Engineer: 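First the structure, which I've put down as structure tokens, then a few questions once you've had a look.
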There are 2 protein chains.
Amino acid sequence: MQKSQLCPKFEKAMSILSKRWTGLVIYQLLSGPQRFCTIESAIGISGRLLSDRLKHLEEEGIVKREVYPETPIRIEYSLTEKGLALQPLMKELEIWSQNWVTSEDTL
Amino acid sequence: MQKSQLCPKFEKAMSILSKRWTGLVIYQLLSGPQRFCTIESAIGISGRLLSDRLKHLEEEGIVKREVYPETPIRIEYSLTEKGLALQPLMKELEIWSQNWVTSEDTL
DNA sequence: TATACTTACTTACGAAAAGTAACTAAGGTA
DNA sequence: TACCTTAGTTACTTTTCGTAAGTAAGTATA
């Protein structure tokens, strides 16, 4: 097996998107900043994995985390400029899914 | 944990793209029909997983497989219309990666 | 005839990641 | 003190991945 011949930047971008749940987390955050439990129930991910994904997306500079010391505590996750820049891509995926994914596909 | 509130078609589309390697396989096939071993070395995937991914993409109607009984045998994989329709999305990912992925990110 | 070569896979198996559920920590409330 | 809320973490099982070796079909070579 050989090393890939692809552009490393593209490969990196794809590796972020092709990790399970990360795409959906980003998509969900495109509708605005929100807290942990909101994302959790919106996309149906478990706390264990959401915690992991948010941590990685923060490290990648795609998501930022802000703490509001209210009662009960509020921690909001939102997209950085880098994260928001994925909007056109998500739009294309919406278009493709509407045009090509049938209702039988979703069963 | 609750069920997701997202559009099922979009979720399905994302599930295809967020399975490891599928995005790269589709991207690679955008440059034209090609055989198993070409894809294998171009993106650095193992035969075991490439076989699995091509089978699934065929089931999804994104990839088609054609056998040419030459010597040695030639089996070509190419994108269907549904697969080709992912080109704009891949273009957006290229743009994003060029704008936002740094060379340090790729280390 | 037997051995080897090519492509396109498949099988076996240990390692890594994901899924589920229960648990913890911090802060406030009854 | 006991309990509630959010935001996680831990423990454990199941699924998926990665690596390497093996198989099958069809030539070609010694």
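What you see is a predicted model, and the numbers here were worked out from it, not measured in a lab. Scope of the values below: all heavy atoms of this structure, side chains included, with no hydrogens, waters or symmetry mates. Residue numbers start from 1 in every chain, and the chains themselves are labelled A, B, ... in the order their sequence lines are given, proteins ahead of strands.
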Engineer: Over how many whole Å does the gap from Ile73(A) atom CD1 to dA25(C) atom P extend?
Structural biologist: 16 Å

Engineer: Rounded to the nearest Å, what distance is computed from the CG atom of residue Asp52(B) to the P atom of nucleotide dT19(D)?
Structural biologist: 16 Å

Engineer: What is the distance, to the nearest angstrom, from the CD atom on Glu66(B) to the C1' atom on dT7(C)?
Structural biologist: 17 Å

Engineer: Measuring to OP1 and OP2 of dT15(D), would you say a side-chain N or O of Lys19(B) lies under 4.0 angstrom away?
Structural biologist: no

Engineer: Whole Å only: how far is the CG atom of Leu54(A) from the C1' atom of dT9(D)?
Structural biologist: 14 Å

Engineer: Does dC9(C) have its OP1 or OP2 closer than 4.0 Å to a side-chain nitrogen or oxygen of Arg65(B)?
Structural biologist: yes

Engineer: Out of dG18(D), dA8(C), dG8(D), which has the shortest distance to the side chain of Cys37(B)?
Structural biologist: dA8(C)

Engineer: Please work out if Tyr77(A) contacts a base, only the sugar-phosphate, or nothing of the nucleic acid, heavy-atom cut-off 4.0 Å.
Structural biologist: sugar-phosphate

Engineer: Send over the distance from Arg74(A) CZ to dT6(D) C1', rounded to a whole Å.
Structural biologist: 12 Å

Engineer: Less than 4.0 angstrom between a side-chain N/O of Ser46(B) and OP1 or OP2 of dG18(D), yes or no?
Structural biologist: no

Engineer: Under 4.0 Å: is that the gap between some side-chain N or O of Thr71(B) and OP1 or OP2 of dG26(D)?
Structural biologist: no

Engineer: Does dC17(D) have OP1 or OP2 under 4.0 Å away from a side-chain N or O of Trp21(B)?
Structural biologist: no

Engineer: Just jot down the salt bridge (Lys or Arg N to Asp or Glu O under 4.0 Å) partners of Glu58(A), sequence neighbours excluded, or say none.
Structural biologist: none

Engineer: Is any side-chain N or O of Lys55(A) closer than 4.0 Å to OP1 or OP2 of dT9(D)?
Structural biologist: yes

Engineer: Taking CD1 from Ile45(B) and C1' from dT19(D), how many angstroms apart are they, rounded to a whole number?
Structural biologist: 13 Å

Engineer: Where the side chain of Ser18(B) meets the backbone of Trp21(A), is there a donor-acceptor pair that is under 3.5 Å apart?
Structural biologist: no

Engineer: Between Glu66(B) and Tyr77(B), do the side chains contain a donor N or O and an acceptor N or O under 3.5 Å apart?
Structural biologist: no

Engineer: Is the backbone of Arg74(B) close enough, under 3.5 Å, to the side chain of Glu76(B) for a donor and an acceptor to pair up by distance?
Structural biologist: no

Engineer: In whole Å, I'd like the distance from the CD atom of Glu70(B) to the C1' atom of dT6(C).
Structural biologist: 13 Å

Engineer: Please give, in whole Å, the distance from dA16(C) C1' to Leu49(B) CG?
Structural biologist: 13 Å

Engineer: Show every donor-acceptor pair shorter than 3.5 Å between a side-chain atom in residues 6-14 of chain B and any protein atom, with sequence neighbours excluded, or say none if there are none.
Structural biologist:
unit_1: Glu11(B); atom_1: OE1; unit_2: Ser4(B); atom_2: OG; d: 3.2
unit_1: Lys12(B); atom_1: NZ; unit_2: Glu60(B); atom_2: OE2; d: 2.9

Engineer: With no angle test and no hydrogens, is the base of dG8(D) tied to the side chain of Arg48(A) by a donor-acceptor pair under 3.5 Å?
Structural biologist: no

Engineer: Give a yes/no answer on whether the side chain of Arg20(A) brings an N or O atom under 4.0 Å of OP1 or OP2 in dT16(D).
Structural biologist: no

